[in-house]
Amino acid sequence: MGAARPAYHFKPYNVGRWIIWTLYALVLLVSPMIFTSGLSMTMLSQMGIAIIACLAYNMLLGQGGMLSFGHAVYSGLGSFLTIHTLNMISGGTLQGFPVSLLPLIGGISGLFFAVLLGWVTTKKAGTPFAMITLGIGELVWSMSLMFPEFFGGEGGITGDRVTGARPFGITFGPQVQLYYLIAVYTFICTAAMYAFTRTPLGRMLNAVRDNPERVEFVGYNTQMVRYLSFCASGFFAGIAGGLGALNFEIVTAEVVGAARSGAYLLFVFLGGATFFFGPIIGAILMVVAFVLLSEMTAAWLLYLGLIFLFMVMYAPGGIASLIMMNLRVAAFGKLRRLWTSYLALGGTGAVAVVGAAAMIEMVYHMQLNVALGPELKFMGATLNAHSLDSWFGAVFVLITGAALFEVSRRAFVREWSRIQEEIELEIRRREAL
Amino acid sequence: MSFAVELKDVRKSFGKTEIIRGASLQVNAGERVAIIGPNGAGKSTLFNLISGRFAPTSGEILLNGERIDGLKPYEVNRRGLARSFQVSNLFHRLTVFENVRCAVLWSMGYKYAFWKFLADLDDANDRADEVLEMLKLDRKRDTQVMNLTYAEQRALEIGLTIAGGSNVILLDEPTAGMSKSETKRFIQLIREVTEGKTLLTVEHDMGVVFGLADKIAVLVYGEVIAYDEPEAVRANQRVQEAYLGSVLAEQQAAAATAGA
Amino acid sequence: MDLQFFTISMLNGLSYGLLLFMLSSGLTLIFSMMGVLNFAHASFYMLGAYIAYTTMQVVGYWPALVVAPLLVGLAGALFEKYCLRRVHKFGHVPELLITFGLSYVILELVQLIWGRSAVDYRVPEALQGPLFTIVGSTAGALDFVWGLAPQEMCRSAEEGVRIVCTQFPKYRGFMMLVALLMLASIWLMLTRTRVGLVIQAALTHPEMVEALGHNVPRVFMLVFGGGAALAGLAGVIGGNAFVTEPGMAFTVGAIIFVVVVVGGMGSLAGAFLASILIGVIQTFAVAIDYSFINFFAKFGWAITPETFGYPMLKLTVSQVAPILPYLFLVLILIFRPKGLLGTREG
Amino acid sequence: QKGETVKVAWIDPLTGLMATVGQNQLKSFQFMAEYFSRNNPAGVKFEVIGIDNKLSPQESLNALKSAIDQGVRYIVQGNGSGAALALSDAVTKHNERNPGKEVVFLNYAAVDPDLTNSKCSYWHFRLDADTSMKMEALTTFMKDQSDIKNVYLINQNYAHGHQVAKYAKENLARKRPDIKIVGEDLHPLAQVRDFAPYIAKIKASGADTVITGNWGSDLTLLIKAANDAGLNAKFYVYYGGVSGTPTAMGAAGEGRVYQVSYNHYNMGGEVAKIQDEFRKRFNDDWYTGATYHAFALLSNAMAQAKSTDPVKVAAAMSGLKFKSFNGDVEMRRTDHQLQQGLYIARWQKTDAKNTYSPENTGYTFVPVKYYEPYVSSTPTSCQMKRP
Amino acid sequence: MLHIENLHAFYGKSHVLHGVHMDVKPGEIVSLLGRNGSGRSTTVKTVMGLVDGQGSVKWKGEEILGHHAFDIAHRGIGYVPENRDIFPKLTVHQNLMLGQKKQGQSGRWSFDDMYQLFPRLKERQHTEAGVLSGGEQQMLTLCRTLMGDPDLIMIDEPTEGLAPKIVEQVAEYLNELKRRGVSVLLVEQKLTIALQISTRCYVMGHGRIVFEGTPDDLRTNAYIRKEWLEV
Ligand SMILES: Nc1ncnc2c1ncn2[C@@H]1O[C@H](COP(=O)(O)OP(=O)(O)OP(=O)(O)O)[C@@H](O)[C@H]1O
Ligand SMILES: Nc1ncnc2c1ncn2[C@@H]1O[C@H](COP(=O)(O)OP(=O)(O)OP(=O)(O)O)[C@@H](O)[C@H]1O
Ligand SMILES: CC(C)C[C@H](N)C(=O)O
Ligand SMILES: [Mg+2]
Ligand SMILES: [Mg+2]
């Protein structure tokens, strides 16, 4: 029977995939040439690190359905062991170990702790898993302050990455050199984690997520599947931690803290846990939010909270799912019909947001800085938090924006569902062929 | 020679209630056995015991002469036994093809490999496609399972069970919820895919039972009260009282024997 | 450990345990019924304290004790209606995340309205001062005196005997009372009504429950609002017992999850038991200045700073007391994932 | 340098646990910048750029990068020795790797002695008095209190708490060997909600005095619990004055909380003017005196160096003697630790002489003792690498 | 009593019902037959308010289309779903309790009636419903709906997975319902049963009613049986 089957699933040379990976490498390569300032350079470095960490986190959340509240433990301990190793290199006990390989030490440490703690953690999925990670996270965090010998107390452990051998004159002193080291790791780790999703273990992890019970009846031990994946995730998280140690040259207790773990969760979700590339978007947003947004406005936490509320409510699949939905429309050649709607939505939405933001900024200004004068700069304009005009203007902008937004939203929804209907029809037609 | 499946005085209680009260059964390799019995008699429970979902309270279960009671489901499966569920139990976010492939990976020895690409595992992929073709699901190969119709899900449920190439197959009400013609097609399909294998199936549709089984075991209140050729079971007085004894069953059985 | 110290520690432990229960009862309610890990629970607690602080200035403490929880409950109900309900169909993780987002928003709003530093939310006059005084002497005698013990009782007449007077504050007693009332009322609601059944059923088959004639959305809203109101009440009581400041939500955030999980998901009695246990254990642990060093010394194994793992070995029980609950949490989940009295695993 | 504008980046928390304190100190810096811009020896203008570091060392480094990008050469920071150590280290490395773009770091409140000892840096200048100096003054004061017999140490289980405990034990053993340390506790940072068990333990130990380096809610909850249980011991603290603590402490701390600091609420003179003006404008209390030190130090050094170039200014600051609100002070050359006088003050009701009441509590810190700089001066092990 | 006219229903974008007409009169057993996927369950769900529909559904003269399910249930329509939507974590007894619309309400049926009807359920009274056998679950769903004391009960494939003997018991039981004045709308696959007990039959195909008549009419109409029922 088998012999007679047509060999229709020959492996096509996947051009699309090659293009995407080349583009990815290219982006990693050229971004520091476009964004050259010192801050953007560190931000880019941190984005690379965050990408690895978030992808590692998503091996649990998106692919394994395991909600972890303590993944920073693995990236953080990776950081600590890396910096200790770095100091051993500078101290002379480990002479000759190349700095560029240090992140692997982080990875191995992450792996080690995942191997150590993972078995009890992955016994169950769901709430027990979530709570065990929360508990372990809290314990490690509390320990980190109690053991200054290893964790360096409040000041943490510092190191100097300019040490050891200098192949081709690379010292990793200048941020650019370090950035490229991070970029290389990011690329390799991304590729490796993508590859993981295409392996038997990776696929079984998805199966365990969907239906752990059935997995046991096709020969797999669910706990083992979770455990192995947990270890893999710990390994990559550790690499991210190791890179972080090199990047900041200081590691403090915060790297194992709950806030860090929470950030992984939030931003992976925001980026989109259901798609492989979602966490990449999330990671970039994470760095932008923490570094840039907080600098631009005092109300950044409010904005962050609101963005979350709305994203979870209206785009529970994260940004990645929005992109994929539009890609699907594009694949059926119907995106053209939407761009006017998008323009209208974007325009009116922006107006409404500006109105709202102006009010928020004025409220914050009144609370925090009004003693320095009632005036504040907002997007190039000067607002006066005490004058009715500014308030009236803001409200007016908000209302107009919101009203127009609602109008264009309705039109968009109509058009969108029409397109979806057409696509459904088209799919069914193709199936029927 | 040992039996493919053998139960020796198996008992199972949940709390105080004893559900299986000393069931014994011997199934020869290559035989097709149907288990019938009133609702709540313990048929599904018996399957759960054999497949390792529960451990029996007492008694022995042997698979090809080896004791398997108390083993974990995956350990039982690795010894060559697969089962389907009364309610479809699939990986709903994966595609049809992925579902089947998941079911063949272990038996093909890939285990927890993370150093091999799925795409390169030709044998596993071929096997999965082969199964889909058998089930006539190749059209839906790349559809997510949650978008399948009920009947398709039932078919896939069986696909997952047979895909791994286990020699002993347990099917729990495989045709439940299907229409007549589909049921017919299904019986045919099951016959095909279990050719040469040992099959245990639970059914309430006498048409299926008589169309499929070489032997019938009747389970009432956790005990096997009869185990024999179909005709003999049908004539059995106790079975008549406890279970069949109805016009409907007679009709179905008659139709099946006539058709067969 | 002398008798007086034991008594006061027991009282402290029990009252702290009851406080924990008060904090987490609403969370247990919501979690056990709706399956939502409400990360904003502590924020509702904070909101309760702040609202009580403001309403108290207008209407006085006792009315505020009623008004503030109602307002917080209302806020919770509205949140359920307009936000949580929308994401319910997406599953538990989005539900959890939306409450995460909410906690940020509440925190910022609180800071906008009441400022960033602590507010002067005080215990009302009537509840200030000691409820009773425990007069104990090193000779072993133990006495209870209502209110404040007179000065002379606390002075020692004999040489070498020290008399210690420890007061047990009225407010702590009040806190215990309210916690017990909360327990009783939730208990009644769960056993005398079918609300719990309706919600649990609706978790798996919402449509079916509706088809049986139950207005599921309304029940969900009531339960969430109710849970929020309980948190609000805890805030009214806890806010002045401790400090009413924007950080207050954060500091109780994780511990209340420990209570709920250790007790067993879906079990009110479990949460109660866990609160008391954690309260008592933690309190007594504080008193134990005992570490591995002492332990090994018994076996004649001296531990010096050079011994491997010295920093770990030198930690005393009292130093780790406040993090014992987390250890407890991890151990419970490993050895009994259902929790102390739980019936399911989430 | 006259008429030039000097940008100073303030890198401290505006969100998180320490947000209250951060907000207040940012305002203090902005206020002092205006105050000094009106009149200073160098004739420069100061501009303060506030950047939120969320109390995180890593975020502080981002903030530093951002500040450098904005052309800032002077940074100030104070909340959290972790962030301070991170910044000090980063600034040192930055200056090494980017000659010509040096940055100077003024630390106005991070008190870990390491910063001016084992981990000292030429580019780091501390304006507060460190833990050891404060303990020196505190124990000198305690030495003369004959009613102190039994001391209990309770501290947060992290670097700062460890140091307070360590110096307290060392100093007391040296100055009052008769005092018994009847108990010592370390509790996790910001984790304890109920201090009653600790108070019970302190009571049982028979302590009459408690020394604690606790801050924030760890301090107020401790004092409240002590009050509730009727513990009559005296509390010697470091941080009774930071935002929120006065309100929370209120009557609970009356008469038995002693604070050691380089300033207090009732200094009078120029400080009183600043306090009043600040209160009027921001409806808040000006209590971080180091904000005054910062601009006094900078402008004096700039005047001396006749430049705003950080390399020259740093050189001028090293060893600079100048006048600040608490008398003549000196930026010690060997370790860049400001040598200054310290006050011991007691929390009590305001009276005719001591009128300034923080957070309108009706209470204030009343000075009971002043110690000249040499009293509290402690030796340093700093081996500074000078450029 | 129940009057359906020109009913259309959609699942998201797909149009499943194309103008269904149907009537159920008091004290009738009406069966709705048809192949898999012909839209029988959808019809019943739409009436119950669980699927969005267009057209008209009148109950005792009032339009109920577009109302919430709980409202429709309160008006006296009961629904027994096809996939045994028992509440797995609740006990058998609790499941039955939820069937009552008001707590402690006493209607035509009491708990005892139910337990008498299916003694098996009484035995398992305090067991979690999730572990019941397939057949027991089927019995439970039926009883649960009856506890709500409906005037019309819509049952979707009640005999699925039941032992032949129980199937006949169910048939008898539906007759008993009829005797007690409850109308029944029966969605069935097993023709034998349906024809045996129903007053009238409808046959559905592709979302439309393709036949309407008495069981005898259907028995004699070979074309319909062959074309739409595959018998
Ligand atoms: N985990 C369990 N706990 C308690 N009782 C159980 C459990 N599992 C099954 N039972 C009980 O065991 C009995 C047998 O159930 P089982 O599912 O085996 O019946 P069955 O023969 O398959 O019936 P059906 O034909 O209706 O599917 C039932 O009464 C059921 O309630
Ligand atoms: N939730 C759903 N989403 C989309 N399509 C659906 C959904 N449920 C049913 N359908 C489709 O609607 C059509 C009618 O389904 P319905 O369940 O009403 O059929 P039925 O006659 O009850 O058949 P069955 O014997 O399978 O119960 C089918 O084509 C089915 O695929
Ligand atoms: C952590 C929770 C969101 C998990 C949930 N209890 C579950 O169903 O598994
Ligand atoms: Mg069964
Ligand atoms: Mg149907």
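Proteins get letters first, then strands, A, B, ... in listed order; numbering begins at 1 in each.
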Item checked: Partner chain B: residue of A/Thr274, A/Leu201, A/Asn221 with the largest heavy-atom pair count (under 4.5 Å) ->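 Maximum pair count with chain B is reached by A/Asn221.
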Next item on the list: Specify which of A/Val218, A/Thr222, A/Val225, A/Leu228 makes the most heavy-atom pairs with chain B at under 4.5 Å.
Entry: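 Highest number of heavy-atom pairs under 4.5 Å: A/Val218.
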By number, which residues in [range] have some heavy atom less than 4.5 Å away from chain B?
range	answer
residues 191-200 of chain A	A/Ala195, A/Phe196, A/Arg198, A/Thr199, A/Pro200
residues 112-122 of chain A	none
residues 208-217 of chain A	A/Arg209, A/Asp210, A/Asn211, A/Glu213, A/Arg214, A/Val215, A/Glu216, A/Phe217

Next item on the list: Report yes if some heavy atom in the side chain of A/Met224 is under 4.5 Å from a heavy atom in the side chain of B/Tyr112; otherwise report no.
Entry: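 Counting from C-beta outward, A/Met224 and B/Tyr112 do come under 4.5 Å.
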Checklist line | Neighbour count >12 (heavy atoms, 6.0 Å) for atom CZ, B/Phe114 | finding: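 Not more than 12 within 6.0 Å, no.
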Notebook entry, point to check: Heavy-atom count around B/Lys111 NZ within 6.0 Å, excluding the residue itself: above 12?
Noted result: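 No, the 6.0 Å shell around NZ holds no more than 12 heavy atoms from other groups.
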Notebook entry, point to check: Using non-hydrogen atoms and a limit below 4.5 Å, what part of residues 95-110 of chain B faces chain A?
Noted result: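 Counting heavy atoms that sit under 4.5 Å from chain A, the residues of residues 95-110 of chain B involved are B/Glu98, B/Arg101, B/Cys102, B/Ala103, B/Leu105, B/Trp106, B/Tyr110.
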Notebook entry, point to check: If every non-hydrogen atom of A/Asn206 is compared with every non-hydrogen atom of B/Leu94, which pair is closest and at what distance?
Noted result: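 Smallest interatomic distance, heavy atoms only, reads CB-CD2, 3.8 Å.
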Next item on the list: Would you mind telling me which of B/Ser166, B/Ser51, B/Gly52 has the largest number of heavy-atom pairs within less than 4.5 Å of chain A?
Entry: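 When all of B/Ser166, B/Ser51, B/Gly52 are compared, B/Ser51 has the most.
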Margin query: Using a 4.5 angstrom heavy-atom cutoff, name the option from B/Val145, B/Val76, B/Thr143, B/Leu90 with the most pairs to chain A.
Written below: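 The residue among B/Val145, B/Val76, B/Thr143, B/Leu90 with the greatest pair count is B/Leu90.
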Note to self: Treating A/Tyr220 as the side-chain partner and B/Tyr74 as the backbone partner, does any N or O pair qualify as donor plus acceptor under 3.5 Å?
What the structure shows: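 No, the answer is negative, given that no donor and acceptor are paired below the 3.5 Å cut-off.
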